[in-house]
Amino acid sequence: MTENIIEVRDLVKHYPVTRGIVFKKTIGQVKAVDGVSFELKAGETLGVVGESGCGKSTLARVLMNLERPTAGQVLYKGQDISKLSGGALRRLRRQIQLVMQDPYTSLNPRMTVGDLIGEPFEIHPDVAPRGSRRSKVKELLDLVGLNPEHINRYPHQFSGGQRQRIGIARALALRPEVIVCDEPVSALDVSIQAQVMNLLEKLQAEFGLSYVFIAHDLSVVRHLSDRVAVMYLGKMVEIGTEDEIYERPTHPYTQALLSAVPVPDPTLRDNKAIIRLTGDVPSPVSPPSGCRFRTRCWKAQDICAQEVPLLQIRRGSDHPSACHFAEKREIVATHEAA
Amino acid sequence: MSEQSAPGADGSGRPSGRLLEVDDLRVEFRTRDGVAKVINGVTYHVDAGETLAVLGESGSGKSVTAQTIMGILDTPPGFVTGGQVRFHGKDMLAMSAEQRRRIRGEGIAMIFQDSLSALNPVFTVGFQIAEQFRIRRGMSRADAKKRAIEMLDQVKIPNAKGRYSNYPHQFSGGMRQRAMIAMSLALDPEVLIADEPTTALDVTVQAQIMDLLGELQRERQMGMILITHDLGVVADVADRIAVMYAGRIVEEADVYDLYAKPAHPYTLGLLNSIPRMDEKGQELRTIKGLPPNLMNIPPGCPFNPRCPMAQPVCREKLPPLLQVGRSRASACHFAEELVNRD
Ligand SMILES: Nc1ncnc2c1ncn2[C@@H]1O[C@H](COP(=O)(O)OP(=O)(O)OP(=O)(O)O)[C@@H](O)[C@H]1O
Ligand SMILES: Nc1ncnc2c1ncn2[C@@H]1O[C@H](COP(=O)(O)OP(=O)(O)OP(=O)(O)O)[C@@H](O)[C@H]1O
Ligand code: SF4
Ligand code: SF4
Ligand SMILES: [Mg+2]
Ligand SMILES: [Mg+2]
């Protein structure tokens, strides 16, 4: 049994919707994350996919303890992170690091690369004594494939892919066990995206890191992940090994998602079986009753409006799925026909 | 002046019967740090009913070319230093501001990379569409509203009537993108420029939007310039592809030819670095090195410091965009070799 580094239990994060400027009145709740459970094992990569606004970044912020959950728990090696304080909290902050979505705005433009990557050492001086910091930063720059001589440059002097490497070097500075990557390659173009993905894999092999890898590009997620969780409107709808999700998905949303992945081969454009969803993603302020996917689901029945489908293993399937009618479906695996 | 000759552009400036053509366009940005040569001779065209996809690295000049076509280049610091943008054979860069304004919207319309910042947050979505009918078509308030609701309905916004008076932030990302499409199609343009219309949307919503664009395009015989990083989307919808690198077109080809056998090493590198769903666990191939500094573009072929095929000649001579075979052009000294390899 591999040990669970992180366990997430029934996690909920709601944001109040207010009206009025002086006298703020709460008129509703954005149910950004609404009852999510999963675990992350040592050395593994858990991919998280789902449409824009389904709660992926919110989940990342709560995992990082940057925001307190409305309900539920995040356990780090069995300890509830929202109960930590003082030295224990500082140690946790060392062990879990975040790489953010946007390499263009997530780095302070007035700090040099050396200061940016060395900043974590200011907060955790025990990791690197003052005298050794510059050489540590240079080591990190080298590790992520940047020129150590560029230590005095500013972020705007780097390209998007290079800035993302700076973010990764910064996350690695304290030798964490877990890195939460929130869309680390979405803003990059394919050739640079490939460089960053290779780097993440190399670092994992070298340091035994665990990753939570958030993205909306399904091929990127498949390439890097051991297990994959699919989110829809604040809920996890399916979770399984990379193979279970990509080869044997049972939730209609996962099936639609996979069928719609554009395949980079024009000769296949006319013989794809895309499941066309109709309608829009509902508002997270007032999600549909029962199954949240029911307003776009072609299989919806009366029960779907009445009963929330639990994320559990059902008959005829080998992994958890939150659908009353979970079943395999022959998805034309166009990507393999090439 | 022009060192490029591409299919469709003979450099003579004569009308060629094309709907929209960009011919040897040059744009530079003059900033405090120096002059960035951002567009260095871009030539492409689009005809009625056709989709041209523009691919290329971040910073290669895809959006700046589109902004120049639309006449919304940020000047200063941006300056057009050469070339033409011809619409029905007439050079728009030589037109008066008033003439250009008349083409915007009705002749050529654009969907912007970022829909939230392109819609005005203080007006309702419906009002912003209706205004176009009032100002450009002189419709009454009531008629304009009716037309705007029809447009919202046409882009499949559910409950269009009720949604008319929503503000942009009350729309989801996918709906906002559709509202942008409604707005840009309102005046029935002949050419639509779509700059990353689906980036950041999940693939199911992306599929809905691309379907919608395809449908509207067929109905109206509209020419479309689709700017995107997504080689999957391009494979699905493009007729022809223009690949940009450092402000130049380095390859232009029919979609099937380009994916089957790229005629430029940059295109080849791009196609090789796509993570494929069926190749898990292998190291991805990459294009080594970095995009060029546009204030100091390397002499010869701008791709030479990163090109695995580079030869000494590549550091000295700029390869012109020349026809290779029937339906394609490449700006590489060794294009023939690339196309003829097995
Ligand atoms: N601070 C906040 N206050 C109110 N609502 C918020 C806040 N942060 C996020 N939300 C809302 O919560 C929902 C989930 O947002 P989140 O950023 O987690 O989505 P996401 O899955 O990361 O989307 P994307 O793929 O676009 O990054 C959205 O509806 C968003 O508008
Ligand atoms: N207003 C501006 N001032 C100075 N430089 C600019 C300005 N707008 C664009 N540029 C520069 O022009 C170059 C081309 O930018 P452009 O936006 O066309 O790239 P792109 O190909 O659309 O990239 P992306 O894929 O990232 O959208 C970039 O180097 C950019 O920094
Ligand atoms: S529970 Fe019902 S509505 Fe939800 S995904 Fe399953 S079939 Fe569709
Ligand atoms: S001209 Fe030379 S450097 Fe440029 S793409 Fe061709 S082979 Fe490479
Ligand atoms: Mg996010
Ligand atoms: Mg752009």
Side-chain angles (χ1 to χ4, degrees), chain A residues 49-54 158-162 183 186-195 197-198 201-202 216-225 242 246 253 256-269 272 274-283 296 333-336 338, chain B residues 55-60 156-158 170-175 178 199-208 210-211 229-238 241 254-260 266 269-288 290-291 306:
Chain A
V49 297
E51 92 284 355
S52 175
C54 70
F158 292 89
S159 73
Q162 288 177 313
E183 308 253 12
S186 305
L188 308 176
D189 44 274
V190 253
S191 59
I192 296 167
Q193 169 182 303
Q195 292 177 355
M197 285 166 67
N198 286 344
E201 293 217 286
K202 180 188 108 178
H216 61 246
D217 184 326
L218 287 132
S219 0
V220 168
V221 169
R222 177 165 212 188
H223 191 87
L224 290 173
S225 306
E242 167 262 322
Y246 284 83
Y253 179 61
L257 212 53
L258 283 172
S259 80
V261 174
V263 182
D265 182 349
T267 60
L268 299 174
R269 56 162 75 159
K272 291 202 301 188
I274 293 189
I275 302 168
R276 306 279 172 188
L277 294 181
T278 51
D280 255 293
V281 183
S283 156
R296 298 171 78 203
T334 35
H335 54 278
E336 277 168 1
Chain B
L55 280 174
E57 198 152 49
S58 180
S60 60
K156 308 205 167 58
I157 290 190
Q170 292 170 299
F171 275 30
S172 76
M175 276 167 58
R178 270 178 273 180
T199 311
L201 300 177
D202 100 274
V203 288
T204 62
V205 179
Q206 170 175 292
Q208 283 176 341
M210 293 316 300
D211 279 358
H229 290 308
D230 192 325
L231 289 147
V233 172
V234 171
D236 268 352
V237 305
I241 299 175
D254 164 86
V255 64
Y256 296 99
D257 287 347
L258 186 124
Y259 278 77
Y266 174 68
L270 209 58
L271 292 173
N272 281 341
S273 32
I274 311 174
R276 298 196 183 240
M277 295 261 260
D278 50 350
E279 281 179 11
K280 189 190 148 62
Q282 295 165 32
E283 190 176 332
L284 292 167
R285 282 173 287 181
T286 61
I287 300 175
K288 67 173 181 146
L290 298 170
R306 305 172 70 188

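Order of the sequence lines fixes the chain letters, A, B, ..., with proteins taken first and strands second; residue numbering starts at 1 for each chain. Note: hydrogens, waters and symmetry copies are ignored here, and every other heavy atom, side chains too, is used.
Of the two parts of B:Gln170, neither the backbone nor the side chain holds a non-hydrogen atom closer than 4.5 Å to a non-hydrogen atom of chain A. Residue contact with chain A, scored on non-hydrogen atoms closer than 4.5 Å, is absent for B:Asn272.
At a threshold of 4.0 Å, the pair B:Arg306-B:Glu57 counts as salt-bridged, since one of the basic side-chain nitrogens sits closer than that to a carboxylate oxygen.
Interface remark: of the candidates A:Leu277, A:Leu218, A:Thr278, A:Leu277 forms the most heavy-atom pairs closer than 4.5 Å to chain B. For chain A, the option among B:Asp236, B:Ile287, B:Leu231, B:Leu271 with the highest count of heavy-atom pairs below 4.5 Å is B:Asp236. Chain A forms more heavy-atom pairs under 4.5 Å with one residue of B:Leu270, B:Thr204, B:Val205 than with any other, namely B:Thr204. Interface summary for chain B: among A:Pro264, A:Ala194, A:Pro266, A:Ser219, the most heavy-atom pairs under 4.5 angstrom belong to A:Pro266. Between chain B and the options A:Arg276, A:Met197, A:Arg296, the largest number of non-hydrogen pairs under 4.5 Å is found for A:Arg276.
Under the side chain to side chain donor-acceptor pair (under 3.5 Å) criterion, A:Thr267 pairs with A:Asp265, sequence neighbours left out. Listed by chain and number, the residues in a side chain to side chain contact (heavy atoms under 4.5 Å, CB included) with B:Val237 are B:Met210, B:Leu226, B:Val233 (sequence neighbours excluded).
B:Thr286 places no side-chain N or O within donor-acceptor distance of the main-chain N or O of A:Gln195, the cut-off being under 3.5 Å. A:Arg222 places no side-chain N or O within 3.5 Å of a backbone atom of A:Glu242 that could act as its donor or acceptor partner.
A 4.5 Å side-chain heavy-atom check between A:Glu51 and A:Tyr253 finds at least one atom pair inside the cut-off.
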